[in-house]
Each structure stands twice: as C-alpha cells, then as structure tokens.
Amino acid sequence: MMDKKDLSRSVPDRLYKYRSDLSSFTLDVIDRSIRYGEVFFSKCSELNDPFDNLAAIEDSSIKDVLALQRKYFGTKPVISKRRFAELRGQPAKKKSELTALKPSVQMAKVEIYSVRKTLQLQKDNGAIACYSAKRCNLPMWAHYANAGKGLVLAYRYTEKFYKFLDTPVPFPVAYCDRRTKLTTLDVIHFSNQDKKTVEGGDSAANKCFKSIFFEKSSDWSYEDEWRFVLDRGDHGYRKVHCLELSEIIFGPFASCAFVQSVNEVVHGAVPLLRTALDKSEFDLFETPLGSN
C-alpha cells in the first residue's frame with residue numbers, strides 16, 4: 001500500500017496551472033497562493049470532460065451482494081454511519097435506524113440501487129484541483145491560457161506536508177483507451193472503507209477510487225495531469241501544504257495591461273518570466289520579465 005512518503009518520490013518537483021487572462025479570477029488565485037498558500041478546488045461536477053468522475057458501473061447479482069454483506073457485516077448494519085448520512089442527507093437519529101439494515105435479500109436490492117446514488121454523490125460533492133507536469137505545452141497554452149495570452153503558475157512540490165495529516169496529496173491521472181468496469185461489489189468496498197485505506201494498494205476499493213477520480217481517455221494524455229481530490233466537497237480555496245507558488249510565466253501574447261495587473265498583485269513575491277516563440281523549434285523560450 002502506497003503511503004504519502006512513497007508517493008512523494010514519484011510526484012514531479014514542479015506542477016503547473018495554466019490560466020487565462022480573461023478573468024479577474026486568475027488574479028485572485030495568484031493573490032491567495034501568495035498570501036495564504038491556498039489553491040482553488042473546483043466542483044467535480046463542473047469539469048470539462050463529460051466522462052470525468054463518471055464510472056462505468058455494472059450491477060452485481062443479488063446473490064453476490066448478499067454474500068458480501070454477510071461476509072463484511074454478519075448481523076450488523078450493512079451501511080456505515082458515513083454512508084447512511086450521505087444517502088439520507090442526514091445522520092441516523094436513532095441506533096435502530098442502522099440496526100434494522102442487516103443483510104437480507106431486500107437490503108441487497110437496496111444496495112444495488114444505492115450504489116449508483118453513491119457514485120452520483122461522489123460526482124456532485126467531490127472537489128478537485130488539477131495540474132500539469134508540463135511546463136510548456138502548446139495545446140495547454142491554447143486550451144487553458146487563451147491561446148498564449150494568459151499565464152502559467154509554477155508550483156514547487158515539497159515534502160513538508162508530512163507535518164499536516166489532513167492535507168491532500170496529488171495522484172497522476174491514468175490515461176486509457178477503454179473505461180474500467182466497476183461492479184456493485186467494488187463500490188461497496190469503496191463506500192465502507194476509510195479514505196486513508198483506499199488511497200493505496202490494489203484493493204477493489206482502490207480500483208474504485210482511482211477509476212472515479214483519476215481515469216481519463218487517452219485523448220487527454222497531452223495534459224500529463226496530476227490531481228488533488230477531496231471526496232467530501234469543500235470546493236473553493238484550501239491550503240495545500242505541499243504546494244508553493246514559485247514562478248509565474250506569461251504567454252508569448254500576454255498583453256502589457258495583463259502583465260501589469262499581475263505585477264501589481266505579486267509585488268515581487270515570486271519571479272516573473274515571459275515567453276517568446278522559438279525561431280527554430282516548435283517551442284517557447286523564457287526570459288526574466290524586464291530583461292532585453
């Protein structure tokens with residue numbers, strides 16, 4: 001099972017966020033990164049890939065679900081307190097509400113139905129922050145930085161987050177030609193295990209976790225994406241101890257007005273660089289802002 005320390009050995013030492021010049025939100029992201037060490041988490045339901053956080057699910061048989069319920073729970077409730085609250089929208093008020101949910105054919109049927117709701121809840125309530133491992137990627141400049149008029153935020157990845165047990169850590173996106181098939185049994189494993197248990201190893205729960213949050217079509221592989229995921233929501237700004245804004249890189253077509261507006265927010269806190277088109281390669285070269 002992979003722990004945070006093992007994972008840190010594979011994470012790139014720099015992660016990059018491409019941003020457009022068309023919104024003042026970019027300036028707010030920079031300001032929050034510098035002042036508070038925060039990054040922005042988007043809602044999983046608002047990502048631009050229609051397959052994102054949308055698992056391919058196949059219903060398991062009632063017999064198999066009932067067998068798993070009995071193996072896991074014996075005569076205890078088949079739904080954890082956490083999952084009961086997620087499905088009902090509020091925690092159980094009485095212990096009897098949970099004790100009534102013991103393994104049975106009826107509960108196996110309910111489980112098969114509720115699994116699909118669980119996956120929808122993950123999509124609706126999850127929050128995500130996405131980064132690229134590529135410092136200069138022409139399609140990324142085109143798609144996310146207004147065709148080179150925006151900028152790239154370069155974040156240094158550090159290991160000091162070990163002091164903070166609640167901080168999220170990044171995982172790489174797996175690019176595939178076919179979607180991973182999940183079953184009802186896979187989701188039961190995932191839903192009834194603690195997230196710390198799920199984030200490593202090759203268990204069915206781990207398979208489910210990665211398939212929901214970290215699997216994309218091979219068409220997106222040019223992004224070389226790494227993701228921070230909060231499966232309980234909390235979209236908006238959040239402090240991520242392992243990321244530190246280290247540089248800001250302007251696109252080759254960034255306007256003087258945009259550069260000036262960013263400069264006013266930064267106040268010299270991080271280096272600013274500009275890019276220009278290379279004369280011989282399909283590439284950009286960088287120079288410090290203000291140099292000749």
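Atoms considered below: every heavy atom in the structure, side chains included; atoms not considered: hydrogens, waters and symmetry mates.
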**Student:** Would you please name every residue forming a ring pair (Phe, Tyr, Trp, His ring centres under 6.0 Å) with Y222, sequence neighbours left out?
**Tutor:** H143
**Student:** Would you compute the distance between atom OH of Y157 and atom CG of D13 and round it to the nearest 0.5 angstrom?
**Tutor:**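 Taking OH in Y157 and CG in D13, the distance rounds to 11.0 Å.
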**Student:** When rounded to the nearest 0.5 angstrom, what distance separates CG in L273 from CG in L151?
**Tutor:**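 Spacing of CG (L273) from CG (L151) equals 11.5 Å.
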**Student:** Is atom CZ of F25 surrounded by more than 12 heavy atoms (other residues, nucleotides or ligands) closer than 6.0 Å?
**Tutor:** yes
**Student:** Does anything in residues 120-142 pair up under ring pair (Phe, Tyr, Trp, His ring centres under 6.0 Å), and if so which pairs, sequence neighbours excluded?
**Tutor:** Y18-W141, Y131-Y155, Y131-F228
**Student:** Could you report the tightest heavy-atom contact between F285 and L277, atom names first, then the distance?
**Tutor:**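 Shortest heavy-atom contact: CE2-O, 3.4 Å.
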**Student:** Just checking, is any N or O donor in the side chain of S218 or D177 under 3.5 Å from an acceptor N or O on the other one?
**Tutor:** yes
**Student:** In Å, rounded to the nearest 0.5 Å, how long is the span from OG of S60 to CG of D186?
**Tutor:**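 That separation rounds to 7.0 Å.
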**Student:** Given side chain to side chain contact (heavy atoms under 4.5 Å, CB included), test R156 with L243 step by step and report yes or no.
**Tutor:** CA-CA 6 Å; R156 181 184 296 109; L243 287 185; over 6 Å; no
**Student:** Does I249 reach the side chain of L272, with side-chain heavy atoms less than 4.5 Å apart?
**Tutor:**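 Sidechains of L272 and I249: no contact.
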**Student:** When you measure from the centre of the six-membered ring of F250, is the NZ or CZ of R274 closer than 6.0 Å and no more than 45° off the axis?
**Tutor:**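 Not satisfied by the 6.0 Å and 45° rule.
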**Student:** Would a 4.5 Å heavy-atom cut-off, applied to side chains only, mark F41 and L230 as touching?
**Tutor:**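 Contact flag for F41/L230 side chains = yes.
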**Student:** Taking C-beta and beyond as the side chain, do N53 and L47 meet within less than 4.5 Å on heavy atoms?
**Tutor:**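 The answer is yes, as the side chains (C-beta and beyond) meet within the 4.5 Å cut-off.
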**Student:** So, E215 and T180: side-chain donor and acceptor under 3.5 Å apart, yes or no?
**Tutor:**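 Result is yes, a qualifying pair exists.
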**Student:** Mind listing the closest non-hydrogen atom pair of S33 and E38 along with its distance?
**Tutor:**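 The answer is OG-O, 3.1 Å.
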**Student:** Start with the C-alpha distance between R135 and E247, add both sets of side-chain angles, then the distance that settles side chain to side chain contact (heavy atoms under 4.5 Å, CB included), and finish with yes or no.
**Tutor:** CA-CA 11 Å; R135 183 180 182 93; E247 294 173 307; 2.9 Å; yes
**Student:** Could you go through V259 and L289, starting from their C-alpha distance and side-chain angles, then the distance that decides it, and tell me whether this counts as side chain to side chain contact (heavy atoms under 4.5 Å, CB included)?
**Tutor:** CA-CA 9 Å; V259 171; L289 190 67; 3.7 Å; yes
**Student:** Could you walk me through whether D224 and Y16 pass side-chain hydrogen bond (donor to acceptor under 3.5 Å, both in side chains), step by step?
**Tutor:** CA-CA 10 Å; D224 197 3; Y16 302 95; over 6 Å; no
**Student:** Test Y36 against Y237 for ring pair (Phe, Tyr, Trp, His ring centres under 6.0 Å), laying out the working first.
**Tutor:** CA-CA 10 Å; Y36 311 113; Y237 287 102; 8.9 Å; no
**Student:** Taking a hydrophobic cluster as the set of Ile, Leu, Val, Met, Phe, Trp and Tyr residues connected by side-chain heavy atoms closer than 4.5 Å, whether directly or through intermediates, do L284 and F258 fall within one such cluster?
**Tutor:** no
**Student:** Any side-chain heavy-atom pair from W226 and V11 closer than 4.5 angstrom?
**Tutor:** yes
**Student:** With rounding to the nearest 0.5 angstrom, report the NZ to OG distance, K149 to S255.
**Tutor:**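 Those atoms lie 10.0 Å apart.
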**Student:** What's the spacing between I57 CD1 and D59 CG if we round to 0.5 Å?
**Tutor:**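 Answer for the CD1-CG pair, I57 versus D59, is 7.0 Å.
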**Student:** Going by an N to O cut-off under 4.0 Å, is there a salt bridge joining D124 and K43?
**Tutor:** no
**Student:** Going by heavy atoms in the side chains, are V266 and V270 under 4.5 Å from each other?
**Tutor:**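 Yes - at least one pair of side-chain heavy atoms lies under 4.5 Å apart.
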**Student:** Nearest heavy-atom pair of I30 and V262: which atoms, and what distance?
**Tutor:** CD1-CG1, 3.9 Å
**Student:** Would you kindly say whether D219 and S221 are connected by a side-chain donor-acceptor distance under 3.5 Å?
**Tutor:**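 Distance-only check fails for D219 and S221.
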**Student:** Could you tell me which non-hydrogen atom of R14 sits nearest to which non-hydrogen atom of S246, and how far apart they are?
**Tutor:**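 Answer, listing the atom of R14 first, then S246: NE-OG, 3.7 Å.
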**Student:** Any sub-3.5 Å donor-acceptor pair from N146's side-chain atoms to D21's backbone N or O?
**Tutor:** no
**Student:** Would you say D278's side chain and E281's backbone share a donor-acceptor pair under 3.5 angstrom?
**Tutor:**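 Yes; at least one donor-acceptor contact below 3.5 Å.
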**Student:** Just by modelled atom types, is the E225 backbone N or O under 3.5 Å from a matching donor or acceptor in the Y175 side chain?
**Tutor:**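 Side chain of Y175 to backbone of E225, a donor-acceptor pair under 3.5 Å: yes, one is there.
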**Student:** Should I62 and Y113 be regarded as members of a common hydrophobic cluster, given that ILVMFWY residues are connected when their side-chain heavy atoms come within less than 4.5 Å of each other, either directly or indirectly?
**Tutor:**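 Different hydrophobic clusters.
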**Student:** Go through the steps to decide whether C130 and K17 satisfy the test side chain to side chain contact (heavy atoms under 4.5 Å, CB included), and finish with yes or no.
**Tutor:** CA-CA 8 Å; C130 307; K17 189 72 175 181; 4.2 Å; yes
**Student:** How many angstroms lie between atom CG of L185 and atom CG of L182, to the nearest 0.5 angstrom?
**Tutor:**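 The CG atom of L185 sits 11.0 Å away from the CG atom of L182.
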**Student:** What closest approach, in Å, do P12 and A133 show between heavy atoms, and which atom pair accounts for it?
**Tutor:** CG-CB, 3.9 Å
**Student:** Looking at side-chain heavy atoms only, is the closest gap between L15 and S132 below 4.5 Å?
**Tutor:** no
**Student:** Do V265 and L245 sit in the same hydrophobic cluster, where Ile, Leu, Val, Met, Phe, Trp and Tyr count as joined when their side-chain heavy atoms come under 4.5 Å apart?
**Tutor:** yes
**Student:** Would a hydrophobic clustering, with Ile, Leu, Val, Met, Phe, Trp and Tyr connected at side-chain separations under 4.5 Å, put Y144 with F40?
**Tutor:**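 No, no single cluster joins them.
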**Student:** Testing the basics here: between P252 and A276, what is the closest heavy-atom pair and its distance to 0.1 Å?
**Tutor:** CB-CA, 4.2 Å
**Student:** List the residues meeting salt bridge (charged side-chain N to carboxylate O under 4.0 Å, His left out) with D52, not counting sequence neighbours, and say none if there are none.
**Tutor:** K216, R227
**Student:** Give a yes or no answer on whether the side chain of T26 reaches the backbone of S20 with a donor-acceptor pair at less than 3.5 Å.
**Tutor:** yes
**Student:** Is there side-chain contact between V187 and R116, with heavy atoms separated by less than 4.5 Å?
**Tutor:** no
**Student:** Under a single-linkage definition using a 4.5 Å side-chain heavy-atom cutoff for Ile, Leu, Val, Met, Phe, Trp and Tyr, are V105 and I112 assigned to the same hydrophobic cluster?
**Tutor:**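 Yes, V105 and I112 fall within the same hydrophobic cluster.
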**Student:** Tell me if a side-chain donor or acceptor on S211 pairs with a main-chain N or O of A55 at a distance below 3.5 Å.
**Tutor:** no
